[in-house]
Amino acid sequence: MLSITVYSQPGCFPCTATIRRLGDALSEDHIIDLTEDADAYALVTGLGYKSAPVVVIRDRYGNITGHWAGFNPDRIDVVKAAITGILVPVAA
């Protein structure tokens with residue numbers, strides 16, 4: 001089973017949009033505030049990112065299998081479908 005973690009910061013519109021778009025595929029304990037968690041900040045910067053949100057996908061063993069930064073609806077929908085099994089309709 002895949003899990004999603006969103007590394008966010010206060011006042012970040014793309015962070016809020018990402019969290020809303022993920023909806024039920026994201027549990028509340030997987031939203032991490034980068035301004036309050038030094039280890040999370042180190043992870044995100046270690047992945048090469050300098051802005052939030054950063055979305056990290058892990059497999060059932062906790063291994064990172066994917067990541068990206070910014071609000072990316074297409075990637076969110078693919079990951080959400082993989083987790084929930086619900087496909088999101090795409091506008092023509």
Side-chain angles (χ1 to χ4, degrees):
M1 170 139 187
L2 297 174
S3 70
I4 305 170
T5 303
V6 177
Y7 296 93
S8 181
Q9 61 187 23
C12 170
F13 174 76
C15 299
T16 303
T18 297
I19 292 164
R20 283 189 184 148
R21 184 84 175 213
L22 282 166
D24 293 340
L26 180 66
S27 66
E28 192 68 33
D29 62 332
H30 284 159
I31 302 170
I32 310 297
D33 184 341
L34 290 168
T35 65
E36 296 181 2
D37 189 326
D39 290 336
Y41 182 80
L43 171 72
V44 166
T45 56
L47 291 172
Y49 299 112
K50 296 181 181 184
S51 63
V54 173
V55 179
V56 175
I57 312 303
R58 289 183 174 85
D59 64 17
R60 64 181 175 169
Y61 303 108
N63 301 313
I64 295 175
T65 60
H67 50 85
W68 72 84
F71 177 61
N72 189 324
D74 293 336
R75 290 182 98 174
I76 292 169
D77 292 346
V78 168
V79 171
K80 187 174 179 178
I83 290 173
T84 65
I86 300 170
L87 298 176
V88 178
V90 177

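All values reported here derive from a predicted model rather than from experimental measurement.
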Task: Heavy-atom pair with the smallest gap, counting every atom of Ala69 and Tyr49 - done: CB-CD2, 3.4 Å
- [ ] Mind jotting down which residue pairs meet the side chain to side chain donor-acceptor pair (under 3.5 Å) criterion with at least one end in residues 6-15? Sequence neighbours excluded, please.
- [x] Tyr7-Arg58
Task: Connected via hydrophobic side-chain network under 4.5 Å: Ile64 and Leu22 - done: no
Open item on the list: Just checking Asp29: does its CG atom have more than 12 heavy atoms from other residues, nucleotides or ligands closer to it than 6.0 angstrom?
Closed with: yes
Task: Residue pair Asp77, Arg21: steps toward the salt bridge (Lys or Arg N to Asp or Glu O under 4.0 Å) verdict - done: CA-CA 8 Å; Asp77 292 346; Arg21 184 84 175 213; 2.6 Å; yes
Open item on the list: Less than 4.5 Å apart, side chain to side chain, heavy atoms only: is that true for Trp68 and Val79?
Closed with: yes
Task: Same cluster (ILVMFWY, side-chain, under 4.5 Å), Leu47 and Val6 - done: no
- [ ] Give the cluster check for Tyr41 versus Val55: same hydrophobic cluster or not, with ILVMFWY residues linked at side-chain heavy-atom distances below 4.5 Å.
- [x] no
- [ ] Give, for atom CD of Glu28 and atom CD1 of Ile19, the distance between the pair rounded to the nearest 0.5 Å.
- [x] 8.0 Å
Task: ILVMFWY network linking Leu26 to Ile76, side-chain heavy atoms under 4.5 angstrom - done: yes
Task: Heavy-atom closest pair, residues Cys12 and Ala52 - done: SG-O, 3.7 Å
- [ ] Hey, could you give me the CD1/OG1 distance between Ile57 and Thr5, rounded to the nearest 0.5 Å?
- [x] 8.0 Å
Open item on the list: Hydrophobic cluster membership, with links at side-chain heavy-atom distances under 4.5 Å among I/L/V/M/F/W/Y: are Ile4 and Ile32 in one?
Closed with: no
- [ ] For residues 37-66, pull every pair meeting disulfide bond (SG atoms under 2.5 Å apart), keeping only residues two or more places apart or in separate chains.
- [x] none
